[in-house]
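Written out below as structure tokens is the structure these notes cover.
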Amino acid sequence: MAPVIPGFEYHRVPVADGVSLSVAVGGAGPAIVLLHGFPQTHLMWRHVATRLAADHTVICPDLRGYGASGKPAEYGLDTYSKRTMAEDVVALARALGHDRFALAGHDRGALVAFRAALDHPSAVTRLACLDVLPTLDMWEAMHGAAAAVGFHLYLMAQPPGLPERMIAAAPDAFFGHFLDAWTNDPAALPADVRAAYLDACRGAVPSIVADYRASAGIDVRHDEADRAAGRRLAMPVAVLQQDWGAALGYDAAALWGAWAADLRHTTVTCGHFMAEEAPDEVTKALRDLIG
């Protein structure tokens, strides 16, 4: 049996034409939506979600294209843009009865959360982003040999066809590489959870590639337009990151500060999957942010 978040109820909620999201919901109180990253599903929040559910309504969806959620074909530039995926999240929260909510995301989910907060400031009351840079800043920061750590970004940015065929030829090796390489504590990803992640990714290669392809195209253009217009995040923002800046030569706090006037930037000593490796620290940061 596939693992689930203990004590949470599972639903399938329509959010757009032909697209429904699978979502786990638990607890009661002010709402917080938790968005997973790559190559994972909502399960990455299992420790943090159960802690927050003591006094919050916690909403943990699989993103469009991931896990058990809908995986529409990449019929246009917007199909997997972060703007479209953010609209899914706002529609999901509203369908569950929450017009306003706190929002936290990790990795890909943080990019969706960032876009939701920019596009829907009246809905997102607080924003937390874990171990990522905004899309535009990420591409500008990646350069030279150090950019090899992000080889998957360049692979999945290619036009449709080649990356999908390459990854589908050995999906467990491809996705498993990141689960292993980005984890400081392998025990944080028990065998059943790791197997669930690989199973979910194995069945979602085209949509995962489409998500990444959007981040090399239309998502950059959306960020460029916002930067040019001087748009900034209107709500309090917390960012938790590993110390990648020293290795890649950028100041993460300064990059985030350009987008958020009310910013709390914290360096966390753990692997990339911090909600699983350091759930107490992540939970405390979220509680400090949302009150």
Partner residues of [X] under the side chain to side chain donor-acceptor pair (under 3.5 Å) criterion, sequence neighbours left out:
X: D211; result: Y66, K82, R108
X: D192; result: none
X: D280; result: R51
X: R64; result: D88

Can you find a heavy atom in the side chain of [X] that is under 4.5 Å from one in the side chain of [Y]?
X: M138; Y: L153; value: yes
X: Q242; Y: V268; value: no
X: C129; Y: W256; value: yes
X: S215; Y: V220; value: no
X: M156; Y: Q158; value: no
X: F8; Y: I59; value: no
X: V48; Y: L286; value: yes
X: M235; Y: T125; value: no

Pairs meeting criterion salt bridge (charged side-chain N to carboxylate O under 4.0 Å, His left out) with involvement of residues 252-261, two or more places apart: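 Pairs touching residues 252-261 that pass the test: none.
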Residue pairs fulfilling salt bridge (charged side-chain N to carboxylate O under 4.0 Å, His left out) with at least one residue in residues 145-156, sequence neighbours excluded: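 Passing the test, one end in residues 145-156: no pairs.
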So, does [X] use its side chain to make a donor-acceptor pair with the main chain of [Y] at under 3.5 Å?
X: D223; Y: L136; result: yes
X: D251; Y: A253; result: yes
X: T84; Y: D78; result: yes
X: T183; Y: L179; result: yes
X: S22; Y: R12; result: no

Should [X] and [Y] be counted in the same cluster of Ile, Leu, Val, Met, Phe, Trp and Tyr side chains packed under 4.5 Å apart?
X: V90; Y: V23; result: yes
X: I218; Y: F114; result: no
X: L52; Y: V4; result: yes

Partner residues of D288 under the side-chain contact (heavy atoms from CB on, under 4.5 Å) criterion, sequence neighbours left out: R264, K284
With D180 via side-chain contact (heavy atoms from CB on, under 4.5 Å) - residues at least two apart: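 Only R194 meet the side-chain contact (heavy atoms from CB on, under 4.5 Å) criterion with D180.
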What distance do [X] atom [atom1] and [Y] atom [atom2] have between them, rounded to the nearest 0.5 Å?
X: R232; Y: D262; atom1: CZ; atom2: CG; result: 10.5 Å
X: D137; Y: L255; atom1: CG; atom2: CG; result: 5.0 Å
X: M85; Y: T79; atom1: CE; atom2: OG1; result: 11.0 Å
X: W45; Y: I5; atom1: CH2; atom2: CD1; result: 10.5 Å
X: C270; Y: D185; atom1: SG; atom2: CG; result: 10.0 Å

Chi angles and distances behind the salt bridge (Lys or Arg N to Asp or Glu O under 4.0 Å) call for D119, R231: CA-CA 10 Å; D119 287 358; R231 291 182 69 196; 3.7 Å; yes
CA sep, side-chain torsions, deciding dist, call: D226, W259, side chain to side chain donor-acceptor pair (under 3.5 Å): CA-CA 10 Å; D226 286 333; W259 291 100; over 6 Å; no
Aromatic ring proximity Y154/W139, centre distance under 6.0 Å: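 That pair passes the under 6.0 Å test.
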Ring-ring centroid check H177 H152, cutoff 6.0 Å: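 No.
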Trace of the side-chain contact (heavy atoms from CB on, under 4.5 Å) decision for F273 with D107: CA-CA 9 Å; F273 305 116; D107 189 83; over 6 Å; no
Any side-chain donor near an acceptor of the partner, Q241 and H265, under 3.5 Å: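 Yes, side-chain donor-acceptor contact under 3.5 Å.
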In residues 91-103, what donor-acceptor pairs under 3.5 Å come from side-chain atoms, sequence neighbours left out?
residue : atom : partner : partner atom : Å
R100    : NH1  : S122    : O            : 2.9

Non-hydrogen atoms of [X] and [Y] that approach each other most closely:
X: A110; Y: L130; answer: CB-N, 4.1 Å
X: P160; Y: E74; answer: CG-OE1, 4.2 Å
X: P61; Y: H42; answer: O-CB, 3.6 Å
X: A49; Y: C60; answer: CB-SG, 3.9 Å
X: A68; Y: D62; answer: N-OD2, 2.9 Å
X: A188; Y: R46; answer: O-NH2, 3.1 Å

Residues T135, E140; criterion side-chain contact (heavy atoms from CB on, under 4.5 Å); working and verdict: CA-CA 9 Å; T135 300; E140 292 178 348; over 6 Å; no
Connected hydrophobic set around Y75, excluding itself, where side chains approach under 4.5 Å: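 In the cluster with Y75 there is nothing else; it is isolated.
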Chi angles and distances behind the side-chain contact (heavy atoms from CB on, under 4.5 Å) call for V25, Y10: CA-CA 6 Å; V25 183; Y10 281 72; over 6 Å; no
Parallel, tilted or perpendicular, as decided by the 30° and 60° cut-offs, for the rings of F178 and W182: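 Because their plane-to-plane angle lies in the 30° to 60° range, the rings of W182 and F178 count as tilted.
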H106 vs D131, side chain to side chain donor-acceptor pair (under 3.5 Å): CA-CA, chis, key distance, verdict: CA-CA 6 Å; H106 173 260; D131 217 32; 5.2 Å; no
Presence of salt bridge, R115 and D219, under 4.0 angstrom: no
side-chain contact (heavy atoms from CB on, under 4.5 Å) assessment of H11 paired with E9: CA-CA 7 Å; H11 308 274; E9 295 183 353; 3.7 Å; yes
Would you list the atom pairs, donor with acceptor, under 3.5 Å between side chains in residues 162-172 and any protein atom, with sequence neighbours excluded?
residue : atom : partner : partner atom : Å
E164    : OE1  : G161    : N            : 2.8
E164    : OE1  : R213    : NH2          : 3.4
E164    : OE2  : R213    : NH1          : 3.4
E164    : OE2  : R213    : NH2          : 2.8
D172    : OD1  : R202    : NE           : 2.9
D172    : OD1  : R202    : NH2          : 3.1
D172    : OD2  : R202    : NH2          : 3.1

Donor-acceptor contacts, no H, no angles, side chain residues 30-39, under 3.5 Å, sequence neighbours left out:
residue : atom : partner : partner atom : Å
H36     : ND1  : Q40     : O            : 3.2
H36     : NE2  : L63     : N            : 3.0

